[in-house]
Amino acid sequence: MRAFQTPPTLQLNYPPNRSYRTRLSSNQTSTTLQISSNNNQLIQSLCKQGNLKQALQILSQESNPSQHTYELLILSCIHKNSLPAGVIVHRHLVDDGFEQDPFLATKLINMYSEFKAIGNARKVFDKTRNRTIFVWNALFRALALAGHGEKALYLYRQMNRIGIPSDRFTYTYVLKACVSSEFSISLLHYGKEIHGHILRHGFETNVHIVTTLVDMYARFGCAWYASCVFDEIPAKNVVSWSAMIACYAKNGRPFDALELFREMMVEAHDSLPNSVTMVSVLQACAALAVLGQGKLIHCYILRRGLDSILPVFSALVTMYAKCGTLEIARRVFDGMDKRDVVSWNSMISAYGIHGFGAEAIQIFNEMIDDGISPNNITFVSVLGACSHVGLVEMGKNLFESMVREYKIFPIVEHYACMVDLLGRANRLDEAAKIIEEMRIEPGPKVWGSLLGACRIHCNVELAERASTRLFELEPTNAGNYVLLADIYAEAEMWGEVNRVKKLLEARGLQKVSGCSWIEVKKKIYSFLSIDELNPQIEQLHALLVRLAMEMKEKGYVPDTEVVLYDLDREEKEQIVLGHSEKLAVAFGLINTSKGETIRITKNLRLCKDCHSVTKFISKFANKEILVRDVNRFHHFKNGTCSCQDYW
DNA sequence: ATAGGGTTAG
């Protein structure tokens, strides 16, 4: 009769009510225990086999599941992705008196977090009186994952006030909470405060925590803070390196990303780059459009056998597309034996930026036929593709199909695409109407698209409306002021031009100057508009002046409307001829071999004059010239451009 | 006694 000698601790696992009831119903305690332990084992093994349904059946019969059994049941619900099953298990667990068990509370919070049922997770937390640090951490994690960063931080403060000490996991979760606010308020301030806590409690040597810290600063765009933290990490591992490289790649510093990658290869002997590292490195190559570098990185990826990893594959497609080699991008895409929604999205936007709208839509349809459900990025890509070639009706149909067929509700980005699509096609009234009828707050991207379209079609009135909103929403974005000034300049409203320029100055902002670059023999040469430091500048100027003269004979009239100064024609022509892109083209003419395509990348939108000059040169010099501007590619060949002057 | 964490493509 060993059953009678059950130790008291074990008794705790059998909640008093339930076991009392079972004991009353059967006079033989030993058999009851026997049955319940069998049921425990049965439920446990059913869970392990993945037979949740039957496990739930046994659960609803007379049984006394143990804590461990409940744990397996919860894990099984997560595995089966079944919230209803989870609720059933939760109810049984409460009936069995486990409601105050902090271990199971942690598991339940994790489960509800997995199901995005954050309200339920919160209820579990509120009901649990004995909150171990695990319970707190589970809720921090759940809130951070659900985008309720501010709630997590509020609770974190409460926890501090009560005097419960954080552990190493707490810090990682609350740091994540700082960057997971669904509102657009910045929680950077709290992040810095937590950084302080970490230092004060001596956690600055924990590589997990400080890597999260690097990532937090990265997501706030504070690359400098991130690098300060990164430099102090005593034992950096792959993840720390990757986080810092990703930081540069994502914050407009692709050059630093590549440089840090090089440093990692040289210095970090014990941490080899992994697929995650390589994705960021590929992004950096894509941002710089350095095909030669990109190919070298591709070789390294092949050597390391990282090429079968889906994210790497998709990043390769994007890299080749953004480096101007759509054919290679397509070849990589065709070589994939498995594709997910991101791979398809990569290929769709690859066609889009190269101005192949019909092909982008075809890939979209193939994706649907392949049984992959599109997501909101898919629609950003495919609508963008429509926009680049003026497929207005197609774009409108796709936009309407989003909700109707795919249950994807448009977000700001989609509205921005639509405004762009209609605006470019000179249907500005329709574009404005879209904004009026939006069910969410328009935001800077949407107004920015409208302003951009006003720039193309020189609509002063609408531009003033859009820019008024933009100056409120993002007062420090110099680009908006410049666009408005451009529009006034084109309308020859010089007084207004000066007013906007003064506004820009008064706010201490500066126009982003145009910059173009070209990769020749694995080196990058970059050009600014006024570039006296360039050793070849005189040669380039001479070449451009000669070309301009010849072009004028064939009917070229310089288009000087981008010049924001009220100068005489000749001076304006002089300025336009010095645009960075023309310098890069001239450099390309001198420094590339005969049949080689000139590939140029530019940080801004191509100006009209550069566009027509490049068209001319492509014919005159019998050269293919590929120019990537901020939005898309222009493929100049034999006097025409692939954008068909629609950009 | 026990549980959990950081970097990832468009």
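Keep in mind that the numbers below use all heavy atoms, side chains included, and drop hydrogens, waters and symmetry copies. Per chain, numbering begins at 1; letters A, B, ... match sequence-line order.
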>> Heavy atoms only, 4.0 Å cut-off, all strands: where does A:Q283 land among base, sugar-phosphate and nothing?
In response: sugar-phosphate
> Roughly how far, to the nearest 0.5 Å, is NE2 of A:H354 from CZ of A:R628?
Replying inline: 9.0 Å
>> Looking at A:M336, I'd like to know if its CE atom is crowded, meaning that more than 12 non-hydrogen atoms belonging to other residues, nucleotides or ligands lie closer than 6.0 Å.
In response: yes
> What residues form a side-chain contact (heavy atoms from CB on, under 4.5 Å) with A:A85, not counting sequence neighbours?
Replying inline: A:L52, A:L56, A:C77, A:S82
>> With heavy atoms of chain A within less than 4.0 Å as the criterion, where does contact along DNA chain B begin and end?
In response: B:dT2 to B:dG10
> Do A:E193 and A:R157 meet the salt-bridge criterion of a basic N to acidic O distance under 4.0 Å?
Replying inline: yes
> Does the cation-pi check pass for A:R168 over A:F203, that is, NZ or CZ under 6.0 Å from the six-membered ring centre and within 45° of its axis?
Replying inline: no
>> Once you measure the plane-to-plane angle for A:Y406 and A:F379, does it fall in the parallel (<30°), tilted (30-60°) or perpendicular (>60°) bin?
In response: tilted
>> Once you apply a heavy-atom cut-off of 4.0 Å, does A:K322 come out as touching a base, just sugar-phosphate, or nothing?
In response: nothing
> Checking all strands, does A:V279 fall into the base, sugar-phosphate, or nothing category for heavy-atom contacts under 4.0 angstrom?
Replying inline: sugar-phosphate
>> What's the separation between atom CD1 in A:I363 and atom OG in A:S346, rounded to the nearest 0.5 Å?
In response: 11.0 Å
> Near DNA chain B, under 4.0 Å by heavy atom, which residues of residues 215-228 of chain A?
Replying inline: A:D215, A:R219
> Contact class for A:N376 vs. all strands (heavy atom < 4.0 Å): base, sugar-phosphate, or nothing?
Replying inline: nothing
> Checking all strands, does A:S349 fall into the base, sugar-phosphate, or nothing category for heavy-atom contacts under 4.0 angstrom?
Replying inline: sugar-phosphate
> For the ring pair A:W344 and A:F364, is the centre-to-centre distance below 6.0 Å?
Replying inline: no
>> Just to be sure I understand the rule, does A:N110 reach a base, reach only the sugar-phosphate, or reach nothing, if contact means heavy atoms closer than 4.0 Å?
In response: nothing
> At under 4.0 Å between heavy atoms, what does A:V207 touch on the DNA or RNA strands: base, sugar-phosphate, or nothing?
Replying inline: base
